[in-house]
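What you see below is based on every heavy atom in this structure, not just the backbone, and it leaves out hydrogens, waters and symmetry mates.
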Amino acid sequence: MTAPHDFSPELSVACGLAREAGALLLAHRRAGFTVEHKTGADDPVTVADREASALIMAALAAAFPDDGRLSEEEPDDRARLNHDRVWIVDPIDGTREYSTGLPDYCVSIGLAVGGQPVLGVVYAPETDELFTGVVGQGAFLNGQPVPAPHAGPEWRVAVSDTEHGRELHRTALPGMKPSGSIALKLARIAAGQVDATFTMSPRSEWDIAAGHALLRAAGGDLTRRDGRAITYNQPRPHVEQGLIGGQPGATAWLAGQLRTLNLPTAHLGVQAHEPAWAALNPADRAALQGHPGVNVRHADGHLLALLVVNPDTRQVQRAEGDAFHLDRLTRDVTRALGTVAVSTVAVGTAQP
């Protein structure tokens with residue numbers, strides 16, 4: 001899908017808000033603040049997140065009252081589902097980095113039309129880098145067109161610093177460059193500073209909408225790890241599995257590397273029509289058919305961990321698999337659903 005018009009007013013407003021929010025974040029950093037946590041140590045939030053979100057959302061509502069809006073730090077107004085145009089905002093992508101004094105965080109403002117990301121603005125306050133783009137009209141860094149994509153064959157892969165520290169450092173994947181914010185990773189790929197990225201854990205719409213639009217504006221794309229497309233403004237605004245994206249040549253190479261190295265991904269709420277369902281053994285495929293809370297961690301179809309949770313009560317019904325992979329999967333489910341409760345649980349080795 002290409003943008004139906006040039007979106008000049010939208011881009012102007014989003015750029016102004018990104019810079020204004022960035023100034024607010026820098027002011028809070030100088031003054032100091034308290035860090036809270038939502039679902040655990042990997043999920044921090046600060047007063048700066050909330051104030052930046054309120055600033056952006058109020059201004060978007062005033063400028064574009066007929067659009068829907070979604071922000072990580074605001075209650076989800078389900079009325080957005082009735083809108084074709086929806087702003088998707090993360091006031092700080094990379095709060096962990098922001099709260100610990102690292103520069104790798106950004107303000108992320110995206111616009112989706114008909115479920116597709118068409119406009120993205122990502123601002124990195126510490127480096128004063130403003131990444132902007134509209135699908136069909138190119139991507140820009142501080143007002144200058146981004147360069148042509150890198151031609152390879154030595155590809156640069158932006159990876160999660162958390163995932164790198166926990167497991168990727170043990171792999172043979174070449175060209176890894178760990179960093180924090182995924183929105184900033186996608187923006188840097190669009191700007192030609194790196195070539196591709198992937199995650200093992202799921203992400204939410206607000207993490208990736210703006211960066212995805214930038215990537216599309218620069219000729220790349222972002223998909224689920226199983227290759228299926230991402231559609232925005234969903235009732236539950238979370239992409240249920242890991243992601244892969246970048247410029248076409250780099251992404252094709254990276255997908256092959258992930259298969260060769262058997263690097264895992266989580267898939268939450270997996271259903272029978274999805275590729276990850278094949279990782280379950282035949283008995284479990286029959287027993288769990290239609291269950292809304294089947295969560296797996298797998299590597300190219302080989303099951304590493306299984307966590308079956310009642311999504312309404314968050315009660316764990318089954319937990320099986322390698323202890324490390326089960327811990328990672330439990331963290332992913334907790335971030336998506338909130339803390340899960342263990343009662344009588346079958347714990348063992350996940351069967352292929």
State, to 0.1 Å, how close [X] and [Y] come at their nearest heavy-atom pair, and which atoms those are.
{"X": "Glu274", "Y": "Val270", "answer": "OE1-CA, 3.3 Å"}
{"X": "Arg96", "Y": "Ser99", "answer": "O-OG, 3.1 Å"}
{"X": "Thr199", "Y": "Thr265", "answer": "O-OG1, 4.4 Å"}
{"X": "Gly246", "Y": "Ile189", "answer": "CA-CG2, 3.8 Å"}
{"X": "Ala276", "Y": "His298", "answer": "CB-NE2, 3.7 Å"}
{"X": "Arg318", "Y": "Asp284", "answer": "NH1-OD1, 2.9 Å"}

Under 4.0 Å between a Lys/Arg side-chain N and an Asp/Glu carboxylate O for [X] and [Y]?
{"X": "Glu74", "Y": "Arg69", "result": "no"}
{"X": "Glu240", "Y": "Arg228", "result": "yes"}
{"X": "Asp226", "Y": "Arg224", "result": "no"}
{"X": "Glu167", "Y": "Arg297", "result": "yes"}

Any side-chain donor paired with an acceptor under 3.5 Å for Asp49 and Thr46?
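Short answer, yes.
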Checking Arg335 against Ser201: is there a side-chain donor and acceptor pair closer than 3.5 Å?
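No, Arg335 and Ser201 have no side-chain donor paired with an acceptor closer than 3.5 Å.
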In terms of the angle between their ring planes, are Tyr232 and His212 parallel, tilted or perpendicular, with boundaries placed at 30° and 60°?
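Because their plane-to-plane angle lies in the 30° to 60° range, the rings of Tyr232 and His212 count as tilted.
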Please work out which of the three classes, parallel, tilted or perpendicular, describes the rings of Trp155 and Trp253, given edges at 30° and 60°.
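Trp253 and Trp155: tilted rings.
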Please tabulate, for the side chains in residues 10-20, all donor-acceptor contacts under 3.5 angstrom to protein atoms that are two or more places apart in sequence or on a different chain.
residue	atom	partner	partner atom	Å
Glu10	OE2	Arg85	NH1	2.9
Glu10	OE2	Arg85	NH2	3.1
Arg19	NH1	Asp128	OD1	2.8

Whether the side chain of [X] engages the backbone of [Y] through a donor-acceptor N/O pair (distance < 3.5 Å, no angle test) should be reported.
{"X": "Arg156", "Y": "Gly192", "result": "yes"}
{"X": "Asp93", "Y": "Ala183", "result": "yes"}
{"X": "Lys177", "Y": "Val159", "result": "no"}

Are Val194 and Leu222 co-members of a hydrophobic cluster defined by side-chain heavy atoms under 4.5 Å apart?
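Yes; Val194 is reachable from Leu222 via cluster members.
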Return the [atom1] to [atom2] distance between [X] and [Y], rounded to the nearest 0.5 Å.
{"X": "Glu320", "Y": "Leu329", "atom1": "CD", "atom2": "CG", "result": "11.5 Å"}
{"X": "Phe131", "Y": "Leu215", "atom1": "CZ", "atom2": "CG", "result": "12.5 Å"}
{"X": "Asp221", "Y": "Arg216", "atom1": "CG", "atom2": "CZ", "result": "6.5 Å"}
{"X": "Leu243", "Y": "Thr197", "atom1": "CG", "atom2": "OG1", "result": "8.5 Å"}
{"X": "Asn295", "Y": "Leu326", "atom1": "CG", "atom2": "CG", "result": "10.5 Å"}
{"X": "Leu25", "Y": "Arg29", "atom1": "CG", "atom2": "CZ", "result": "9.0 Å"}

Heavy-atom distance under 4.5 Å between the side chains of Val122 and Leu186, does that happen here?
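A side-chain contact under 4.5 Å is absent here.
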